[in-house]
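Inspection log for the structure reproduced underneath, given as structure tokens.
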Number of protein chains: 2
Amino acid sequence: MDSTDDLAMPFLLMSAFRGLVDAVHAELEAAGYPDVRAAHGFAMQAIGRGCTGVELAERLGVSKQAAAKTAHALERMGLISRVQSPRDRRERLLAPTARGEDMLRRSAAAFGRQIKDWRTRVGDDHVSATLTTLAHATPGRRGPTDLSDWV
Amino acid sequence: MDSTDDLAMPFLLMSAFRGLVDAVHAELEAAGYPDVRAAHGFAMQAIGRGCTGVELAERLGVSKQAAAKTAHALERMGLISRVQSPRDRRERLLAPTARGEDMLRRSAAAFGRQIKDWRTRVGDDHVSATLTTLAHATPGRRGPTDLSDWV
DNA sequence: CAGAGGTAGACAACTAGGTTGACCATATAT
DNA sequence: ATATATGGTCAACCTAGTTGTCTACCTCTG
């Protein structure tokens, strides 16, 4: 239809994403997690209940070296543990600590509150339409932030 | 309503954004603009018909040093010119070259085609709802990718 | 009109998050 | 037993940003 507005889509996507993430990180900072960045949150979500470094790299769609850096940062922040695997001595098993799980819970709650705000602002139907639109927008896409395996 | 899906929103936003941008950049690369990155496209949009470095920094929501770096990169790629202002000799006026305007046209066309894909895939109503949702999602937000001044 | 303070831009050093390439240690298959 | 594949690490580099400092220039005020 009115395809002139379409050009704003990338900006709106970016802006909405940043607004969402910034709001959540402000809440996390207030809750005692000052150094958590967006990449850390994504990585924690990707680790889920536990995985290896290579799996993390695949889930995030980055190189294993990049995943290792992030994992080390998360370990330094006390959010995950990295313990040697019993069945394969090359592997280090990444798993959230109690503090990491608390951070994930708070993060999820904060995201939920943000989207709830959206729902009251534009209505449930619009938010639902947005979810389905975005879900169908990038079919078969694999790579960064693809969580089809782990949600 | 079903707030469990809400947690996927940041991932969907990110994924949709990356899918969109990647597709457009693939087209641009094929059209003879191989080195254009997402930041360059945003900056070109922000420059519009012309502005100074400080204005660019404000429009992008970054430091003026970062904006200057980007502007130099755009100049090296032949997409903008940086000429001294006649009325203020401190200023350098940034303005797209013919090549830069061609790039912007191709970029806009590519974005339009991508969103048209979305429309045929999920329907005009869903895409429109997405646009209005995202537009209302971050009210009064200023900073990166805020284009209220220059669209 | 002289000088104070504000502004545009450049330069340098740093950070975060990513990349590739080379490498070692360990598993696994032949 | 040996060849090959895999998990992880280290090192060097890239991009896009940051803060701090500096100079050149404009503008406002006494």
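Bear in mind the structure is a predicted one, so any value in this text is a computation, not a measurement.
Within 4.0 Å (heavy atoms only), B:Thr70 reaches sugar-phosphate atoms of the nucleic acid but no base atom. In this structure, B:Thr52 reaches the sugar-phosphate backbone alone: every heavy-atom distance under 4.0 Å involves primed, P, OP1 or OP2 atoms, never a base.
In this structure, A:Phe42 and A:Phe17 have tilted ring planes: the angle between them lies in the 30° to 60° band.
The two residues B:Gly41 and B:Val36 come nearest to each other via the heavy atoms N-CG1, 4.4 Å. Minimum interatomic distance between A:Arg92 and A:Arg82 (heavy atoms only, all atoms of both residues): NH1-O, 3.4 Å. Of all heavy-atom pairs between A:Thr70 and A:Ala39, the closest is CG2-O, 4.4 Å. Minimum heavy-atom separation, A:Ala38 to A:Val21: CB-CG1, 3.9 Å. Nearest heavy-atom pair, B:Leu93 versus B:Pro86, reported as atom, atom and distance to 0.1 Å: CD1-CD, 4.3 Å.
Comparing A:Lys64 and B:Asp88 by the nucleotide of DNA chain C whose heavy atom lies nearest to each, the residue mapping closer to the 5' end is B:Asp88. Mapped onto DNA chain C by nearest heavy atom, B:Lys69 and B:Val54 fall at different nucleotides, with B:Val54 at the one closer to the 5' end.
Taking a heavy-atom distance under 4.0 Å as the criterion, the stretch of DNA chain D touched by chain A extends 5' to 3' from D:dA5 to D:dC10.
Shown are A:Arg76, A:His72, A:Met77; of these, the side chain to side chain contact (heavy atoms under 4.5 Å, CB included) with A:Leu74 is made only by A:Met77.
For the pair B:Arg121 (side chain) and A:Ala137 (backbone), a donor-acceptor distance under 3.5 Å is present. Within the 3.5 Å criterion, the main-chain N or O of A:Asp22 finds no donor-acceptor partner in the side chain of A:His25. The backbone N or O of A:Leu79 sits less than 3.5 Å from a side-chain atom of A:Thr97, completing a donor-acceptor pair.
For the pair A:Glu58 CD and C:dG18 C1', the computed distance is 18 Å after rounding to whole Å. Here the P atom of nucleotide C:dA27 and the CZ atom of A:Arg92 are 13 Å apart, to the nearest Å. Regarding A:Phe42, its CZ atom lies at a distance of 12 Å from the P atom of C:dG17, rounded to whole Å. In this entry the distance linking CG of A:Leu60 with C1' of C:dA16 reads 15 Å, nearest Å. Note: CG (B:Leu93) to C1' (C:dT7) measures 15 Å, nearest angstrom.
Listed in residue order, the members of residues 24-39 of chain B having a heavy atom less than 4.0 Å from DNA chain D are B:Arg37.
Checking the phosphate oxygens (OP1, OP2) of C:dG17, a side-chain nitrogen or oxygen of A:His40 falls inside 4.0 Å.
A salt bridge links B:Asp102 with B:Arg106: the distance from a Lys NZ or Arg NE/NH1/NH2 to an Asp or Glu carboxylate oxygen falls below 4.0 Å.
For A:Val62, whose side chain is taken as the heavy atoms from C-beta onward, the closest listed nucleotide among C:dT26, C:dG17, C:dT19 is C:dT19. Across C:dT26, C:dA13, C:dG21, the shortest atom-to-atom separation from the side chain of A:Gln65 is found for C:dG21.
The rotation axes computed at either terminus of the helix from C:dC1-D:dG30 to C:dT30-D:dA1 lie 10° apart, taking five pairs at each end and rounding to 10 degrees.
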